[in-house]
Amino acid sequence: MTGAARPFIPAMGRHWMLFLYDPFTRAAGISQVHGQLLDRAGVQPGHRVLEVGCGPGDLLMQLGRRVPQADLMGIDPDPAALRKARRKAARRGLTVQFMLAYADELPLPDDSLDRVLSSYMLHHLDEEPQVAAMREIRRILRPGGELHLLDADGTPRPGTRGHQHPRLAGHTPQRIQAVIRQGGLTEVSQTGHGSRRIAGHYSFFRAVA
């Protein structure tokens, strides 16, 4: 991991809650939402793919089963989550490279990837690191490579007081697209949305390097 260690928000919000990740994602139906993200990403055999903020690796596990001939990598700043991801990959016989790194300091060369994926990661970052992460994603994608991003939708709904979590205040699809554009990516679009009882509202986005 480049640079000194810094604080970060782990997958479940608190480090000690990592053991709850698998039961929570099962109850929330995140596997089905991940499937929708992968449908949009269109990963092909031979593609080099990175997930930014991979956590315990569930999205990459699903992608590895779908496209075993793809070259898969994941980065996360949480060593415990990466250990969990490596164990999952080993149990499933999947080859995935997991690296300790931050979203705004990606340890990969310029123009080296076909796809970058991000799932429920962006709202964990403050505004400036969000834009820095998009710049890094733009740097490592090949010309014509694509970012496919899934994140919570913090748009206030009628009859509610908006999202309770403060990190989702103002985290609307419009704001997410603006952050992606500030990072230098083009053809930015919202490609879908949905909601689940536990996971709440979410949206999908695509952008091109």
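Fair warning: this is a prediction, and the values are worked out from it, not measured in the lab.
By the 4.5 Å heavy-atom criterion applied to side chains, Val67 and Pro45 are counted as neighbours. Considering only heavy atoms from C-beta on, Val52 stays 4.5 Å or farther from Glu136 through its side chain. Contact of the Phe204 side chain with the Leu37 side chain is registered, since non-hydrogen atoms from C-beta on lie closer than 4.5 Å. Using a 4.5 Å heavy-atom threshold, the side chains of Arg206 and Arg40 count as separate. Residues Leu150 and His34 form a side-chain contact, since some pair of their non-hydrogen atoms from C-beta on lies under 4.5 Å apart. A 4.5 Å side-chain heavy-atom check between His171 and Leu122 finds at least one atom pair inside the cut-off.
The pair Lys84-Asp58 does not meet the salt-bridge criterion, since no charged nitrogen lies less than 4.0 angstrom from a carboxylate oxygen. Under the 4.0 Å criterion applied to side-chain N and carboxylate O atoms, Asp110 and Arg139 are assigned as salt-bridge partners.
Checked by atom type and distance alone, the side chain of Arg196 never pairs as donor or acceptor with a backbone atom of Tyr202 at under 3.5 Å. Between the side chain of Arg92 and the main chain of Met61, no donor-acceptor pair closer than 3.5 Å is present.
Looking at residues two or more places apart in sequence or on another chain, you find no side-chain hydrogen bond (donor to acceptor under 3.5 Å, both in side chains) involving Gln44. In terms of the side-chain hydrogen bond (donor to acceptor under 3.5 Å, both in side chains) criterion, Arg181 has no residue partners (sequence neighbours excluded).
Heavy-atom minimum distance, Phe98 versus Leu60: CE2-CD1, 3.8 Å. Looking at every heavy atom in both residues, Thr172 comes nearest to Asp153 through CA-OD1, 4.2 Å. The two residues Gln190 and Ser203 make their nearest non-hydrogen contact at NE2-OG, 3.1 Å. Shortest non-hydrogen contact noted between Pro107 and Ile75 is CD-CG2, 4.4 Å. For the pair Asp104 and Ala132, the tightest heavy-atom approach, listed with the atom from each and the gap, is CB-CB, 3.7 Å. The shortest non-hydrogen separation linking Ser119 to Leu59 is CB-CD2, 4.1 Å.
Here the straight-line distance linking atom NE2 of His148 with atom CD of Glu51 works out to 13.5 Å at 0.5 Å rounding. The distance from the CG atom of Leu149 to the CG atom of Leu185 is 10.0 Å, given to the nearest 0.5 Å. In this structure, NE2 in His193 is found 11.0 Å from CD in Gln36, a value given to the nearest 0.5 Å. Distance check: Leu63 CG to His47 NE2 gives 11.0 Å after rounding to the nearest 0.5 Å. Atom CZ of Arg175 is separated from atom CD1 of Ile180 by 10.5 Å, given to the nearest 0.5 angstrom. One distance of note links OG of Ser112 with CE of Met73; it measures 6.5 Å at 0.5 Å rounding.
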Apply the test salt bridge (Lys or Arg N to Asp or Glu O under 4.0 Å) to residues Arg83 and Asp76: give CA-CA distance (whole Å), side-chain angles for both, the deciding distance (0.1 Å), then the verdict. CA-CA 11 Å; Arg83 287 193 295 270; Asp76 201 276; over 6 Å; no
Could you walk me through whether Glu146 and Glu187 satisfy the side-chain contact (heavy atoms from CB on, under 4.5 Å) test, starting with their C-alpha distance in whole Å, then the side-chain angles of each, then the deciding distance to 0.1 Å, before giving a yes or no? CA-CA 10 Å; Glu146 298 177 5; Glu187 299 181 36; over 6 Å; no
Met121 and Asp151: CA distance, side-chain angles, deciding distance, side-chain contact (heavy atoms from CB on, under 4.5 Å) verdict: CA-CA 7 Å; Met121 181 280 297; Asp151 211 350; over 6 Å; no
Stepwise side-chain contact (heavy atoms from CB on, under 4.5 Å) check, Leu82 with Cys54: CA-CA 8 Å; Leu82 292 177; Cys54 64; 3.8 Å; yes
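The number of heavy-atom neighbours closer than 6.0 Å to CD of Gln182, taken from other residues, nucleotides and ligands shown, is above 12. Residue Gln174 places its CD atom among more than 12 non-hydrogen atoms of other residues, nucleotides or ligands, all under 6.0 Å distant.
A chain of hydrophobic side-chain contacts below 4.5 Å, direct or via other Ile, Leu, Val, Met, Phe, Trp or Tyr residues, connects Leu94 to Leu38.
None of Thr186, Leu147, Val188, Leu141 except one satisfies the side chain to side chain contact (heavy atoms under 4.5 Å, CB included) rule with Val208; the exception is Thr186.
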